[in-house]
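None of the values given here were measured: they were computed from a predicted structure. Below, read A as the first sequence line, B as the second, and so on, with proteins coming before strands; counting in each chain starts at 1. Basis for what follows: all heavy atoms, side chains included, without hydrogens, waters or symmetry-related copies.
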Amino acid sequence: MNFHFDRAALASELFRRRSGQQAAAVSRPGKLLVEHTSINPNKAAHIGHLRNAVLGDVFARLLRFRGHSVEIQNYIDNTGVQVADVTVGFLYLERKTSAEVQVLVDDPGIRFDYYCWDLYARVSRHYDENKSAVALRTETLKAIEERQGEAAAVAKIVSTAIVKKHLATMLRLNVEYDLLVEESEILRLDFWKAAFEEMKRIGAIRYETEGKNAGCWVMSLDGGGRAGEENEDVKIIVRSNGTVTYVGKDIAYHLWKFGLLGKDFNYAPFYQYPGGRILWLTSAEGHADALAFGHASQVYSVIDTRQSYLQAVVAAALRAMGHREAAAHLHHFAYEVVSLSPACAEELGYELSPEEREQNYVEVSGRKGLGMKADDLMDMLIEKATEEVRSRRMTDDPGEQLAYGRMIAIGALRYFLSKFSRRVAIAFDFKDALAFEGETGPYLQYTAVRARNIFRKYAETQPAFDPRSLGEKIGKTQLGPLFAGQSGLAFWQLTALAAQLELAVEESITNAEPSIVAKYAFRLAQNFNNFYPHYHVLSEPDPERQAFLLFIVFVVSQTLAQTLDVLGIEIPERM
RNA sequence: GCGCCUGUAGCUCAGAUGGAUAGAGCGGUUGCCUCCGGAGCAACAGGUCGGGGGUUCGAAUCCCUCCAGGCGUACCA
């Protein structure tokens, strides 16, 4: 089947849409919940956490672009083993009281998240060297869960301080949240107990009286071996000492996400972002203005691919409890981890073993204290970008130089973390991440600035000019001949590409793949840069043709701006 | 062992629902600033799409099989 576009009609329609004279997206029913970041609050964030946050943030922006109501949650595992480990470090290695830990937190000369980063590595070494010390972890974890004594006090100070650090780190790259859900609240409000009772009632879990799992509550998974036999596929939900595993708590959390638990949190405002958004925190006391959180129609959990099995267990639990529809609406947004290139690991001061030197990458390890800290990376990027700004003499004002440098650095980082498909493992390398040329964020920003400069320059001679008026100035009758034939082909190709933003967003969402929109942005920028030197707008003598060129550039410029907004990349005034 | 993922140019990666001479960035070689600012553009070199079978008019894409690598299969998360 052959068919032809009415080029003029499409261009006209596209212009109206891109110039905001027609609503871009219809609002859609239901609420979509995106959970991302969810870093253990026991040490500084690293590059892997940034990948999680950027993927989750772009995905949420994609959904909002399509007109969905989206709620972004960040889960705080403040009663988990990792927090317990740092607590062990403070109590037993450093012999500090909770008051002394608080002094550390309040000391402006100390980066508390970096301090904990090192302490966590020390604790892990201590466990390796003293096997008996592992008992301290179990003991401490139980005390934290039961909110008893110094352990609970230290854990609370640590996790609260680290969460604030994480939020500040993420804000540097334009990542915001709607709600922080604390695991301690899930326990305190007996969310777990409610889920536990229900699972027992339905028979989704059973108590083991003998065998290797004696004393545990376990869930049987379909597939694998037969019930009761040695090779039965079983997952422990409640440990023999009565504490709940991560999966158990996650099952309760996910039931709540869908509004299936029959219980709810209380909320209090925690922080107001510079842009006005309020970040809420689950809390003991309720707040009258609290929005109705949860009750989502679709849930996306951005969690690395190594946790696929655990996420499958959560979905299996929902099904076992009869919530088949919810299980089908629970999406594990799985992505590969970020490791380090051997060269990068060495630059960070890590000594490689001969085998590690042979490999293409070195695994990041919080326990070894090996990883690229998020803030260090951003500092490096900002320094390099600011230096570029200085050398290009964009402005002499040091404050502006830094502001531009920051915007460009964050653009580079966000694009770098978005351009890979989520299934590929990234071996982080300074050379690639610090690049500002080629397929990078700054290339996109530069292109957007280029396009805008045409209008800025044009307005110098035509102060009353409003690009949105171009729509009336150039109707379909004028557009028809301009798009026709060989001479119109370049214009048509660029316009047709600009018309595909919605398609790219759609494809990005159905595949849960932010890289599709990132690649689209690059392709659009590349096409515009190719067009740019061939059609000089400002020196065009024919007024009608000049108006047409402005029309095309405006459509592309607006499309690129909207695409960058979806990617969370800001466009500087100059570049 | 079982489950999931990956293998495309020297390097890093795109190629969704099978469609024409397999694309981009980096790196290499070579051109292009009397400027809407070159963080750019153009050109050249570079690929038996891990191997082998099969389905199809047509396969990087679907199926089978083998090889190589990764991850998971914890009373850690």
Heteroatom pairs (N/O) under 3.5 angstrom, protein to nucleotides 6-14 of chain B:
unit_1 : atom_1 : unit_2   : atom_2 : d
B/C13  : OP1    : A/Ala425 : O      : 3.2
B/A14  : OP1    : A/Ser421 : N      : 2.9
B/A14  : OP1    : A/Ser421 : OG     : 3.0

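A/Arg392 comes within 4.0 angstrom of a base, heavy atoms only. Among the heavy atoms of the strands lying under 4.0 Å from A/Ile408 is at least one base atom, whether or not backbone atoms are also near. Among the atoms of the strands shown, none is found under 4.0 Å from any heavy atom of A/Asp250. Residue contacts shown for A/Phe436 include a base, since a base heavy atom lies under 4.0 Å away. Within 4.0 Å of A/Gln82, counting heavy atoms only, lies no atom of the nucleic acid at all. Residue A/Phe455 is out of contact with every strand shown, counting any heavy-atom pair closer than 4.0 Å. Here A/Ala214 lies in heavy-atom contact (under 4.0 Å) with a base. Counting non-hydrogen atoms under 4.0 angstrom, A/Val81 reaches the backbone sugars and phosphates but no base.
For the pair A/Glu439 and A/Lys419, the minimum side-chain heavy-atom distance is below 4.5 Å. No side-chain heavy atom of A/Ile408 sits under 4.5 Å from any side-chain heavy atom of A/Glu388. Contact of the A/Leu330 side chain with the A/Ser301 side chain is registered, since non-hydrogen atoms from C-beta on lie closer than 4.5 Å. A heavy-atom distance below 4.5 Å is found between the side chains of A/Leu402 and A/Ile382.
Using a 4.0 Å cut-off, no side-chain N or O of A/Arg523 falls inside it from OP1 or OP2 of B/G23. Considering only side-chain N and O atoms, A/Asn530 lies nowhere under 4.0 angstrom from the phosphate OP1 or OP2 of B/C41. Between A/Tyr446 and B/G38, a side-chain N or O to OP1/OP2 separation shorter than 4.0 Å is present. When the side-chain nitrogen and oxygen atoms of A/Gln526 are compared with OP1 and OP2 of B/G25, one or more of them lie within a distance under 4.0 Å. Contact annotation: A/Tyr443 reaches the phosphate of B/C41 (side-chain N/O to OP1 or OP2, under 4.0 Å).
For the pair A/Asn529 CG and B/G38 P, the computed distance is 9 Å after rounding to whole Å.
Not one N or O on the side chain of A/His254 forms a donor-acceptor pair closer than 3.5 Å with the backbone of A/Ile251.
In secondary-structure terms, RNA chain B builds stems of at least 3 consecutive Watson-Crick or G-U pairs, each pair having both distances under 3.5 Å, at B:1-7 with B:67-73, B:10-13 with B:23-26, B:28-32 with B:40-44, B:50-54 with B:62-66.
B/G53 and B/C44 have their P atoms separated by 34 Å, given to the nearest Å. As rounded to the nearest Å, B/C2 and B/G10 have C1' atoms that lie 38 Å from one another. For the P atoms, the distance from B/U65 to B/A74 is 26 Å, rounded to whole Å. When the C1' atom is used for both B/U30 and B/G46, the distance is 16 Å, rounded to whole Å.
Ring orientation note: the planes of A/Phe455 and A/Phe465 are close to parallel, at an angle under 30° on the 30°/60° scale.
Judged by distance alone, with hydrogens and angles left aside, A/Ser240 brings a side-chain donor or acceptor within reach of the base of B/C75, the pair sitting under 3.5 Å.
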